[in-house]
Amino acid sequence: MIEPVRYSVEDGIALIVIDNPPVNALSQAVRAGLAAAIGRFTTDGEAKVAVIAGAGRTFIAGADIREFGKPMAEPFLPDVINMVEACAKPVVAALHGTALGGGLEVALGCHVRVALTSTRVGLPEVTLGILPGAGGTQRLPRLAGAPAALDMITSGRHVGAVEALKLGVVDAVVDGDDPLEAGKAFARTMITDGNKGRRSCELDPGEKDPALFADWRASTKKSARGQLSPMVAIDAVEAAFDLPFAEGLARERALFTELMNSDQRAGLIHAFFAERAVAKIPEAQGTTPRDIASVAVIGGGTMGSGIAVAALNAGLPVTLVERDEASANRARGIVTKLLDDGVRRGKLSQARREQILGRDFSTATDYAALAETDLVVEAVFEDMDVKKDVFTKLDAVARPGAILATNTSYLDVDEIAAVTARPQDVIGFHFFSPAHVMRLLEVVVAKGTGADVVATGFALAKRLKKVAVRAGVCDGFIGNRLLNTYRKAADYMVEDGASPYEIDAALVGFGFPMGPFAVGDLAGLDIAWAGRKRRTATRDPRERVVGFADRLCERGWFGQKTGRGFYLYEDGARRGTPDPEVEAIIAAERKAKGITPRSFSTEEIVKRYMAAMINEASKIVEEGIALRPLDVDVTMIAGYGFPRWRGGPMHHADRTGLASVLADLRQLHAEDPFFWEPALLLARLAEAGEDFASLNGQG
Ligand code: 3HC
Ligand code: NAI
């Protein structure tokens, strides 16, 4: 077994190396090892300065998240860090990779911090539902001031070494790739100069600026959307200004413990591990992903342009094929605009923009242009005949071994694959709008799709900095099938008496960034309308059909793009206002059906919406469309705005209790036996006293 913390002495410098792959997390063994090493250094007459560095790809990436929710074993991290800081001889932290959370807190307890240029530092605890609990909220404001500390701690963002130097988080930035060498070099200068560094705990944080804290609370409350940790973290930072260091530490610890015991922490940790577990798919075993060095996109509308930009941003050259010159030029215009937005937001350099437009991006109207491409993503109109035509052409020109992907939202990928002579190369890559921003990629596996093609989808997602979820073929796959179901639950409530605005407000209160009707307006109501028309012929006669959305579409009200949908968007406004005419149209529909409207409380709206989502998700898992409940959770969080701190619908169902969800469904079943038929899987788990987590495996 490797020692998780190694101690050696070289030229009067103690080298303390943390070696706990893959990310040097601060497990109990590491904390104990670090404490022992510092104890040894203290009494080691040979060593004048110590350097703490990480072995492998990174410094310390934080506390060991797997230990969360379990009883903590000694030594506790704050004590170990206090011990480092109290050391009479100087300790240098030599940073590389990512120094995050407890990892950065160890560094803040050292007397000097040296970072390789490529290092990123951060306190991402709030994203896990907690706050920096090992002195970070007390030491960072003393080193970097309140504005920088509030920014880093409430956002959890990773800060590059150069910015960290400017902020005062690190003391020196060094080019190179060996942190231990960098640390040793700095330590040698300390021995020569007699520089002892400084203890952060002894620095004066300065006067508190109450207005700064008030502003920060107001803006964080808005952006946190019900998530507690960023708000509580502000209280902890404030303690650095209100209390002496030791009392501030105690306050931080108390707040940390409160958050550690919260449901939100459990939800966010579930989301963290679920996002990594989704990559554990059967196809990952024994296959090698195909090399992707070039991409072609067919259709440069909303999705095609966004997909092209996502690939270009990842350094892949893209050929975009459109129907005619005019459409190709329009697509080039959209791509240029998206790149310009990236430059404006500081996400893309001007030089890279020029390189993309001059060299990496091209448009064409002839499919021959993609003959040598490794991956083709089709994003033409959502129409089976059009898609089949495109895939027939692709089959004729694409090189053998090229991957042919469709971005269809709902259509049968097996049927599309069947028009080609190479179904093993055909797959669904379902991106989300805007495709260069949204993190989710549904990898839709058809009957004949090759395992290596599936694995390539996951590798591509990683390259595009997206999270891939494996889905099987059905109408809408995981996400849109769920969307269709919970949208119906919302429509039924509206027809029975709720207003779309009440529904949206209830779901925003639950933690969604927008409610379903506002989302419909944003996506374009015509898309769902086309879907409803397509399904008319095959619709089960028992299904309750609601017509008010069709009435809006018949008037040409497609949402934001037409200036009105469920909401009014005056003068191009992006936020809509409620529209009394829409309420009148809905009232007329109710009247025509003889429905006497009744009121719905916020709780009832949320209960029905969630019950519909959880029930359909159970069917999706039962049918194998999603591999595990956690795949549904990640789909909803990364693609549909489900509040991450609730851990996704399946985790939320577990927290609510499956027996209670089943009881709700059984009650609703009496009202509409077709829509509210409880899923067999849900009923089985609830009756056995089990939960969805039991199906997630070790993930
Ligand atoms: N604890 C336990 N396991 C961790 C971990 C952690 N802190 N961080 C990462 N891992 C595991 C992952 O689960 C994954 O395991 P797997 O291979 O079995 O799926 C493996 O390490 C590699 O992780 P990634 O796939 O995420 O690797 P990347 O190279 O893409 O990213 C990273 C590396 C940037 C370090 C990323 O893993 C990350 O952001 N980790 C979390 C960092 C974090 O939030 N730290 C704060 C922890 S809370 C804390 O410190 C509390 C303190 O204030 C008291
Ligand atoms: P869009 O209408 O904006 O763009 C479609 C583009 O395809 C048009 O520019 C059109 O000129 C081009 N096109 C049509 N036939 C073509 C052909 N034979 N060869 C080359 N180009 C052709 O449509 P949008 O919204 O981009 O959707 C595209 C696909 O992505 C659809 O399948 C849709 O279901 C899916 N999708 C849409 C999402 C959305 O939010 N809009 C989200 C996820 C998937």
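Sequence positions, counted from 1, serve as the residue numbers for this chain. When a ligand or atom number is given, it counts from 1 through the structure's own listing order. Here the structure is a predicted model, which is why all the values come from computation and not from measurement.
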Does Ala523 have a non-hydrogen atom less than 4.0 Å from ligand 2?
no
Tell me whether atom 17 (O) of ligand 1 lies less than 4.0 Å from at least one protein heavy-atom position.
no
Heavy atoms only: which of Arg253, Arg66, Arg57 lies closest to atom 33 (C) of ligand 1?
Arg57
Which is it for Val390 and ligand 2 at heavy atoms under 4.0 Å: side chain, backbone, both or neither?
side chain
For ligand 2, which atoms have a heavy atom of Phe381 less than 4.0 angstrom away?
2 (O), 5 (C), 8 (C), 10 (C), 14 (C)
Hey, does the Lys NZ or Arg CZ of Arg487 hover above the aromatic six-ring of Phe517, less than 6.0 Å from the centre and inside 45° of the axis?
yes
Are Arg142 and Phe245 in a cation-pi setup, meaning NZ or CZ lies under 6.0 angstrom from the ring centre and within 45 degrees of the ring axis?
no
According to salt bridge (charged side-chain N to carboxylate O under 4.0 Å, His left out), who are the partners of Arg332, at least two apart in sequence or on a separate chain?
none
Are Arg120 and ligand 1 in contact, using a heavy-atom cut-off of under 4.0 Å?
no
Note: Tyr367, heavy atoms under 4.0 Å from ligand 2, region reported as side chain
Nearest to atom 44 (C) of ligand 2, what protein heavy atom do you find, and at what distance?
Ser409 OG, 3.1 Å
When you compare ligand 2 with Met303, is there at least one nitrogen or oxygen pair between them that comes in under 3.5 angstrom?
yes
Is atom 48 (S) of ligand 1 less than 4.0 angstrom from at least one protein heavy atom?
yes
Sequence neighbours excluded and cut-off under 3.5 Å, please list the side-chain donor-acceptor pairs for residues 59-76, or say none.
| unit_1 | atom_1 | unit_2 | atom_2 | d |
| --- | --- | --- | --- | --- |
| Asp64 | OD1 | Arg66 | N | 3.0 |
| Asp64 | OD1 | Arg66 | NE | 3.2 |
| Asp64 | OD2 | Arg66 | NH2 | 3.3 |
| Glu67 | OE1 | Arg31 | NH1 | 3.1 |
| Glu67 | OE2 | Gln28 | N | 3.0 |
| Lys70 | NZ | Arg66 | O | 2.9 |

Residue and atom name of the nearest protein heavy atom (relative to atom 12 (C) of ligand 1), distance in Å to one decimal
Arg276 CD, 3.8 Å
With a 4.0 Å cut-off on heavy atoms, is Lys393 touching ligand 2?
no
Restricting to heavy atoms, the pick from Ala61, Gly62, Ala25, Pro21 nearest atom 42 (C) of ligand 1 would be Ala61
Relative to ligand 2, is Phe431 under 4.0 angstrom through side chain, backbone, both or neither, heavy atoms considered?
backbone
Among Phe76, Phe68, Phe59, Phe272, which residue places a heavy atom closest to atom 40 (N) of ligand 1?
Phe272
Quick one: does Lys387 get within less than 4.0 Å of ligand 2, heavy atoms only?
yes
Does at least one non-hydrogen atom of Pro22 fall below 4.0 angstrom from an atom of ligand 1?
yes
Under 4.0 Å from atom 11 (O) of ligand 2, do we find at least one protein heavy atom?
yes
Taking atom NZ of Lys561 as the centre, report whether more than 12 heavy atoms of other residues, nucleotides or ligands fall under 6.0 Å from it.
yes
Closest heavy-atom approach to atom 8 (N) of ligand 1 among Val23, Leu123, Leu128 is made by Val23
